[in-house]
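Labels below follow one simple rule: chain letters A, B, ... track the order of the sequence lines, proteins then strands, and each chain is numbered from 1. Just so it is clear, the model here is predicted, and its values are computed rather than measured.
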Amino acid sequence: MSEMDDVISEFLVESYENLDRLDQDLIALEEAPGELQRIASIFRTVHTIKGTCGFLGFERLERLTHSGESLLSLLRDGERALDESAATALLRMVDAVRDVLAHIESTGDEGERDFQDLIAILDAIREGEVIEASVEAVEADPAVQAAPAGPSAADSSTETAGETPSHSVAEGSIRVEVGILDNLMNMVGELVLARNQILQHAGHRADSELDGTVQRLNMITTELQEQVMKTRMQPIGNVWSKIPRMVRDLCLDVDKEVRLVMEGKDTELDKTLLEAIKDPLVHIVRNSVDHGVETREARAAAGKPEVGQLTLRAYHEGGQVNLEISDDGAGVRLDRVRAKAIERGVVTPEEAGRLSDKEVMNLVFMPGFSTAEKVTNVSGRGVGMDVVKTNIEKIGGSIDLSTEVGVGTTIKIKIPLTLAIIPALIVTCQGDSYAIPQVNLLELVRLDTRTHPIETIHEVPVYRLRGNLLPLVALDKELGLVEAGSATRAEVVNIVVLSADDRQFGLVVDEINDTEEIVVKPLGKQLKGISAFAGATIMGDGAVALILDVFGLAQKAHVLGEMRDRKRFGQHGEAEGEEQELVSLLVFRLGDSTRMAVPLETVSRLEEFQRGRIERSGLSEVVQYRDSIMPLLDLGGYFGASAAGGATSEEVQAIVAQHDGRSVGLLVSAIEDIVETALDYKRGPDRRGVLGSVIVQGRVTEILDAASVITDLDPAAAM
Amino acid sequence: MNLPTQYCTFYLAGQHFGVDVLEVQEILRFQEMTRVPLASPAVSGLINLRGQIVTAIDLRRRVGLPDRDEGGRLPTNVVLHSDGGAVSFLVDEIGDVIEVEESAFEPPPDTMPGHLRELVTGVFKLEDHLLLVLDSAAAADLDSRRPVELGA
């Protein structure tokens with residue numbers, strides 16, 4: 001019931017405003033009848049009111065506005081000019097609509113008057129008949145015209161309702177341009193800064209009168225800040241209000257039955273964010289109804305209630321807004337996602353095999369991906385989830401999909417409350433302050449290097465954080481403030497553990513200061529290209545501090561590798577143990593000390609060749625193998641691992657792999673072992689030909705990227 | 001060509017430059033600023049202009065002149081409106097607002113170095129010296145240093 005009230009009061013506010021404009025438009029139009037734009041605008045206004053009336057069930061009002069609309073459409077199409085009689089009739093219609101609205105506002109229904117006479121006049125004018133006569137009638141006594149038309153009781157009630165409480169709804173709220181609110185917000189930010197400075201000064205003087213004033217200023221400023229923030233907040237219900245209708249129409253289209261449940265529609269968030277999630281939300285709901293929920297028959301067959309359920313849930317958590325869209329449909333079948341991804345060329349079959357379930361799930365967010373069996377009117381065009389993801393990430397949010405076959409799918413979106421003011425950790429690096437958005441912050445580590453020296457892999461520093469290798473990134477080096485190779489610093493190291501796109505890394509900074517609420521300001525276009533910064537803010541002392549873009553920084557430091565590059569999607573593993581798939585790895589040695597492994601599925605055979613059998617063909621070493629010529633590629637040479645012992649032995653070890661339908665032999669120094677392990681990358685690739693590093697049997701082992709090595713080494717493969 | 005007639009002028013290494021006076025938002029004495037790592041060397045830093053964050057561009061570096069002497073006079077900010085928000089040019093010294101005759105205008109000589117020719121739209125021949133007209137939009141655009149357009 002209260003829901004309906006909201007819709008109606010919104011309708012009333014909007015309609016009153018529109019009607020005021022309509023008055024002016026009609027009168028202006030009478031002066032200059034040729035203005036097509038104005039007619040079109042009037043037509044739209046009346047059309048909107050009519051449409052909403054139909055939706056809200058105000059049938060009389062709908063009929064009245066319908067007649068008006070029909071007349072207006074003639075005017076708009078130029079089939080009839082607006083003369084005085086038409087204008088008068090339309091203005092009377094506006095008055096009548098206003099009366100009915102007043103009645104709705106006071107009693108909740110549209111009253112008994114049906115405006116037959118007015119409708120008759122409008123229709124008559126439209127048909128071009130008896131215009132003169134009706135104009136006479138209208139002009140004869142416009143004041144009492146309404147009276148004989150409806151039952152007197154209803155009429156009088158309209159009258160009284162129209163007088164006193166009439167515009168209470170409209171007067172209770174005004175429309176304000178968002179730009180003005182933005183300015184207000186900026187100015188409040190300035191006021192906060194000025195307040196901070198005064199607070200500092202006042203602290204140095206012993207002036208009780210000043211102290212009192214400053215205290216008051218302080219309080220008022222804080223309150224003002226909160227209130228201004230509030231003006232930008234709107235309940236998420238505003239965006240949701242269009243969903244029930246959409247779901248209903250969709251259900252008719254695809255012949256399904258879906259019950260829509262909405263929880264937490266009072267959850268408030270910033271207006272700009274609300275706008276930004278509108279389209280993604282519509283898209284997800286569409287997907288759920290079209291692909292998620294099964295047909296009645298399928299549901300019945302699966303033993304589920306015939307009516308599907310779609311739940312929208314919104315709630316605040318940890319300074320963020322969580323938005324969940326879940327259905328109790330068929331779920332997403334991972335094997336189909338895999339197959340589709342391969343078919344669409346999003347991943348290669350080998351890559352698909354390496355992906356964990358969670359990573360497969362994430363494929364849905366890749367461009368050009370859609371698992372719908374057929375393209376319907378509603379969805380399945382392969383445009384979509386990638387755009388949804390980009391839009392959500394643009395506003396600093398994240399999206400996650402979980403599914404269970406036969407049970408349903410849940411999409412969880414996390415978005416910040418507001419973009420304008422965010423909590424941030426202030427750190428110092430080479431004397432400058434930088435702000436790190438708290439959203440990315442996991443924990444802070446203070447490390448005494450005398451007891452815990454920092455370990456390195458290939459000169460890349462890492463830290464063991466509860467058993468997991470955490471790559472370390474030095475902020476000063478990343479920002480180019482010190483030489484890249486310069487000596488590692490002091491005895492105590494401050495590490496800020498950050499997460500970027502499910503990846504964790506430690507940012508080494510000089511000092512960790514406080515957390516603060518900061519006002520995010522954009523950078524000038526000269527600095528837009530620097531991915532390490534998300535913006536700037538003004539600190540309490542008036543100085544400017546840069547806000548670090550954790551994602552950009554991670555990419556710059558190659559913590560994320562080429563993650564965003566879909567061809568290499570398979571490279572980043574998940575740290576969560578339960579979702580790991582076990583992979584068989586062939587562990588081998590190059591030279592004396594380089595330990596590498598290759599997934600067993602890429603190996604077709606292991607061979608041993610007599611050194612004498614190796615022949616040369618053109619530039620490459622080859623061997624006759626199963627009636628064909630197989631090129632031999634020297635892995636040790638490729639990776640620069642000296643083969644001290646290997647050169648003398650009579651036999652050479654080769655891993656035979658298939659590449660483009662041909663056999664290729666990869667020469668290694670020794671085959672060590674075959675192990676089954678989770679492909680849990682502790683580090684991304686740091687040189688070409690390697691997919692990353694994992695820990696196998698307690699030792700750091702690099703995983704060979706066979707395909708790229710073969711392409712690099714084999715002249716035939718490159719062609 | 002419809003040239004502005006009033007120029008806000010300033011000096012860089014003794015050379016007289018001018019920008020259209022209507023583009024100038026304000027002149028500020030030197031402000032403390034925050035350096036921006038990874039930015040172009042011409043970017044001196046960020047200043048807080050009453051709550052608005054403004055990028056300060058060292059105009060000497062931008063036009064390829066040698067840096068100011070350490071410990072010498074502090075540069076002055078010339079803050080301009082630009083389409084991407086305000087931007088500040090750091091100059092050695094601020095000059096007068098000068099009214100000029102259109103007849104005194106000449107396009108830059110062909111012998112002017114290419115990078116400077118991109119930034120200078122022309123020269124006004126004043127009585128005793130020359131005034132270079134700075135293309136402020138080009139000078140504020142650090143992203144794309146397009147090659148000089150060879151045209152008519």
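Contact annotation for A:I530: only side-chain heavy atoms (C-beta onward) come within less than 4.5 Å of a heavy atom of chain B. For A:A536, the parts lying near chain B are the backbone and the side chain together; criterion is any non-hydrogen pair under 4.5 Å. Proximity to chain B (any heavy atom under 4.5 Å) is shown, for A:S433, by neither the backbone nor the side chain. The contact between B:V87 and chain A is made entirely by side chain atoms (from C-beta outward), counting heavy-atom distances below 4.5 Å.
The greatest number of non-hydrogen atom pairs below 4.5 Å with chain A, out of B:I47, B:T34, B:I53, is found for B:I53.
Ring-centre distance between B:Y7 and B:F124: below the 6.0 Å cut-off.
Within the model, atoms CD of A:Q430 and CZ of B:R35 stand 6.5 Å from one another, a figure rounded to the nearest 0.5 Å. The NZ atom of A:K521 sits 4.5 Å away from atom CD1 of A:I538, with the distance rounded to the nearest 0.5 Å.
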Test salt bridge (charged side-chain N to carboxylate O under 4.0 Å, His left out) applied to A:E226 and A:K230, step by step: CA-CA 6 Å; A:E226 278 169 15; A:K230 240 188 208 164; over 6 Å; no

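Although no hydrogens or angles enter the test, the distance criterion places no donor-acceptor pair under 3.5 Å between the side chain of B:T76 and the main chain of B:E93.
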